[in-house]
Amino acid sequence: MNTPEDLSGGPPGSAEYRIEHFRERLADGELAELGLIVELRGSAVLLRGTVLTPAYRDRVLDLARTELAGLTLHDDVVVAGNTAQPERAEDLP
């Protein structure tokens with residue numbers, strides 16, 4: 001669980017600082033993702049949540065691997081529902 005000290009970022013280069021920087025990149029960048037949870041669990045980072053498409057998931061994980069390089073990353077990011085187009089129109093009475 002994050003403590004108030006963790007939220008301040010910690011010293012540059014620390015895991016807490018890098019995680020907070022990654023959270024800011026998720027929220028402010030082109031991804032604009034606020035629904036993912038990033039937590040320090042022991043010596044590993046857990047990334048979990050739901051995104052809309054597989055491509056979006058790949059972009060989030062690429063950013064995580066870049067920003068958190070050198071830290072053990074466990075991802076539990078899932079793609080919501082089925083993104084396939086319906087095969088036919090729905091018949092309404």
Side-chain angles (χ1 to χ4, degrees):
M1 178 169 215
N2 292 332
T3 64
E5 296 81 32
D6 293 339
L7 298 177
S8 68
S14 71
E16 292 88 359
Y17 177 87
R18 294 175 64 203
I19 289 169
E20 190 59 31
H21 182 72
F22 174 62
R23 286 181 184 133
E24 289 173 8
R25 293 275 316 264
L26 282 177
D28 296 336
E30 64 183 48
L31 295 174
E33 178 56 61
L34 298 174
L36 295 177
I37 297 170
V38 186
E39 299 175 313
L40 184 60
R41 297 273 179 102
S43 62
V45 179
L46 174 63
L47 177 61
R48 62 188 169 99
T50 304
V51 295
L52 295 177
T53 67
Y56 196 84
R57 179 182 185 273
D58 291 343
R59 289 176 60 202
V60 166
L61 293 178
D62 285 345
L63 180 61
R65 288 183 195 108
T66 300
E67 291 291 324
L68 305 172
L71 297 172
T72 302
L73 179 65
H74 298 284
D75 77 272
D76 189 16
V77 179
V78 296
V79 177
N82 185 356
T83 59
Q85 295 289 330
E87 293 179 13
R88 62 181 178 82
E90 181 179 359
D91 294 326
L92 300 174

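Annotation: the span from S14 atom OG to E20 atom CD amounts to 10.5 Å, rounded to 0.5 Å. Put simply, CZ on R48 and CD on E39 are 4.5 Å apart, with the number rounded to the nearest 0.5 Å. Atom CD of E24 and atom CD of E67 lie 10.0 Å apart (nearest 0.5 Å). Once rounded to the nearest 0.5 Å, the distance linking CZ of R59 with OH of Y56 reads 7.0 Å.
Residues V77 and V51 are in side-chain contact: their nearest non-hydrogen atoms beyond the backbone lie under 4.5 Å apart. In this structure the side chain of L47 reaches within 4.5 angstrom of the side chain of L73, judged on heavy atoms. L26 has its side chain within reach of V60: a pair of non-hydrogen atoms, C-beta onward, lies under 4.5 Å apart. Within the 4.5 Å cutoff, the side chain of R65 has heavy atoms near those of the D62 side chain. Looking at L68 and L63, their side chains never come closer than 4.5 Å, going by heavy atoms from C-beta outward.
With sequence neighbours excluded, the residues forming a side chain to side chain donor-acceptor pair (under 3.5 Å) with D75 are R57, listed by chain and number.
Side-chain N or O atoms of R23 include none that pairs as donor or acceptor with a backbone N or O of L36 at under 3.5 Å.
Two different hydrophobic clusters hold L71 and L46 under the rule that ILVMFWY side chains link at heavy-atom gaps under 4.5 Å.
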